[in-house]
Amino acid sequence: MLVVAPAPDFEIRRRLVHLAGRDAPLQLMTAAHAEAGADAAACEDDIAGWLTHQAVRYGPWAHGSSFVAVLWGAGRGMEYDGATTASVGALEHEVFHSWFGRGVKPARASDGWIDEAWTSWATSSRRVEEPRFSSDELSLDEPPVVLYPSHPWSRYTPTESYREGSRLFAGIAHLIGGSSRLRSAMAAWYQANVGQLVTTDGLQAHLEAWSGVHLDPWFRRYVHGEG
């Protein structure tokens with residue numbers, strides 16, 4: 001990530017963050033643009049806390065020796081390897097992508113629903129109405145949803161990935177015994193695939209093997225859109 005902007009427009013803060021699995025501390029830089037209206041110190045504390053927690057909960061940091069967060073005004077949010085540009089409201093979502101989205105990466109654009117759905121389920125997201133870590137029964141009677149576009153040249157992630165994908169993970173949590181078990185299953189998936197490309201079929205196979213629950217009807221209806 002490269003951001004070119006006038007230095008006087010930013011408040012820049014730097015600190016070291018100790019993460020599980022790393023011998024050397026991570027260098028954290030937080031740069032808050034004036035238009036963000038952000039409390040830079042509070043955002044820095046939040047980022048440090050999220051990084052520390054995710055390293056313990058999901059597995060090792062995969063992006064070298066530093067993390068850079070650039071805070072902009074409302075409506076911005078994008079993750080990069082070891083960095084993000086984000087509004088304050090999107091910040092947690094984008095930092096979480098350092099593990100899911102950038103620590104494990106979708107093999108195809110069609111697999112991109114995974115990291116958006118999972119991140120929306122696991123964080124406080126403005127795009128999702130349910131609280132994080134929801135565990136709710138998801139019947140097979142609702143209308144089908146396409147999260148994985150089947151066309152081989154597809155190059156987009158459906159917007160349904162955020163809300164409907166989050167609901168799918170809430171349904172999977174209910175099926176396999178609760179949100180804590182689902183988070184443990186995803187931690188195992190991350191640790192087995194960190195730094196690699198991942199697929200929808202691979203995720204389904206992992207969750208089924210880990211939990212012993214047959215998930216194919218839910219993936220067919222709420223990922224592939226089969227009626």
Side-chain angles (χ1 to χ4, degrees), residues 1-3 54 58-59 61-64 67-70 72 75-87 89-123 125-128 132 138 142-172 182 185-210 215-227:
M1 182 186 76
L2 174 65
V3 175
Q54 307 310 344
Y58 292 108
W61 174 257
H63 308 295
F67 182 77
V68 177
V70 179
W72 298 94
R76 294 197 183 214
M78 187 61 199
E79 73 276 7
Y80 303 88
D81 288 10
T84 183
T85 57
S87 63
L91 187 56
E92 182 187 7
H93 183 104
E94 305 305 341
V95 172
F96 191 88
H97 273 313
S98 293
W99 275 261
F100 296 92
R102 293 293 171 172
V104 291
K105 298 182 180 181
R108 296 180 56 226
S110 294
D111 298 303
W113 73 271
I114 299 171
D115 49 86
E116 295 301 352
W118 176 248
T119 300
S120 297
W121 180 86
T123 67
S125 175
R126 68 188 187 281
R127 300 197 189 195
V128 175
R132 72 182 78 202
L138 180 61
E142 297 188 23
V145 177
V146 176
L147 302 182
Y148 180 95
S150 61
H151 195 283
W153 299 111
S154 168
R155 291 295 183 272
Y156 75 99
T157 299
T159 57
E160 291 83 2
S161 298
Y162 297 89
R163 183 177 185 276
E164 300 302 328
S166 179
R167 291 186 69 234
L168 172 64
F169 276 115
I172 293 172
L182 178 56
M186 293 297 285
W189 185 65
Y190 174 86
Q191 292 161 25
N193 294 283
V194 60
Q196 302 180 47
L197 301 179
V198 294
T199 66
T200 298
D201 288 345
L203 173 62
Q204 180 183 340
H206 167 78
L207 290 174
E208 290 181 337
W210 191 94
L215 300 173
D216 193 59
W218 284 268
F219 269 77
R220 282 192 286 107
R221 191 168 194 86
Y222 297 119
V223 176
H224 299 288
E226 298 177 10

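Values reported hereafter were calculated over all heavy atoms of this structure, with side chains retained and with hydrogens, waters and symmetry mates removed. All values reported here derive from a predicted model rather than from experimental measurement.
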Heavy atoms, side chains only, cut-off 4.5 Å: are [X] and [Y] in contact?
X	Y	result
Trp72	Val3	yes
Thr123	His97	no
Val198	Leu203	no
Met1	Thr84	no
Pro158	Pro149	yes
His63	Ser98	yes
Ile114	Trp189	yes
Val104	Asp115	no

Quick one: side chains of residues 219-227, donor-acceptor pairs under 3.5 Å with protein atoms, not counting sequence neighbours, listed by atom name and distance.
unit_1 : atom_1 : unit_2 : atom_2 : d
Arg220 : NE     : Asp216 : OD2    : 2.8
Arg221 : NE     : Leu140 : O      : 3.1
Arg221 : NE     : Glu142 : O      : 2.7
Arg221 : NH2    : Glu142 : O      : 3.0
Tyr222 : OH     : Ser139 : O      : 2.5
Tyr222 : OH     : Glu142 : N      : 3.3

Would you name the heavy atoms of [X] and [Y] that are closest together and state the gap between them?
X	Y	answer
Ala185	His206	O-NE2, 2.7 Å
Tyr190	Tyr58	CD2-O, 3.3 Å
Ser154	Ala109	O-CB, 3.7 Å

Gap separating the [atom1] atom of [X] from the [atom2] atom of [Y], nearest 0.5 angstrom:
X	Y	atom1	atom2	value
Ser161	Leu168	OG	CG	10.5 Å
Thr159	Leu147	OG1	CG	10.0 Å
Arg132	Ser120	CZ	OG	11.5 Å

>> Going by ring pair (Phe, Tyr, Trp, His ring centres under 6.0 Å), name the residues that satisfy it together with Phe67, two or more places apart in sequence or in a different chain.
In response: Trp61
Any sub-3.5 Å donor-acceptor pair from [X]'s side-chain atoms to [Y]'s backbone N or O?
X	Y	result
Ser166	Arg163	no
Glu160	Gly165	no
Trp218	Leu138	yes
Asp111	Thr200	yes

>> Less than 3.5 Å apart, any donor N or O on the side chain of His93 or Glu116 sitting next to an acceptor on the other?
In response: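 There is such a pair (donor and acceptor under 3.5 Å, judged by atom type) between the side chains of His93 and Glu116.
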> Aromatic ring centroids of Tyr148 and Trp113 under 6.0 Å?
Replying inline: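 That pair fails the under 6.0 Å test.
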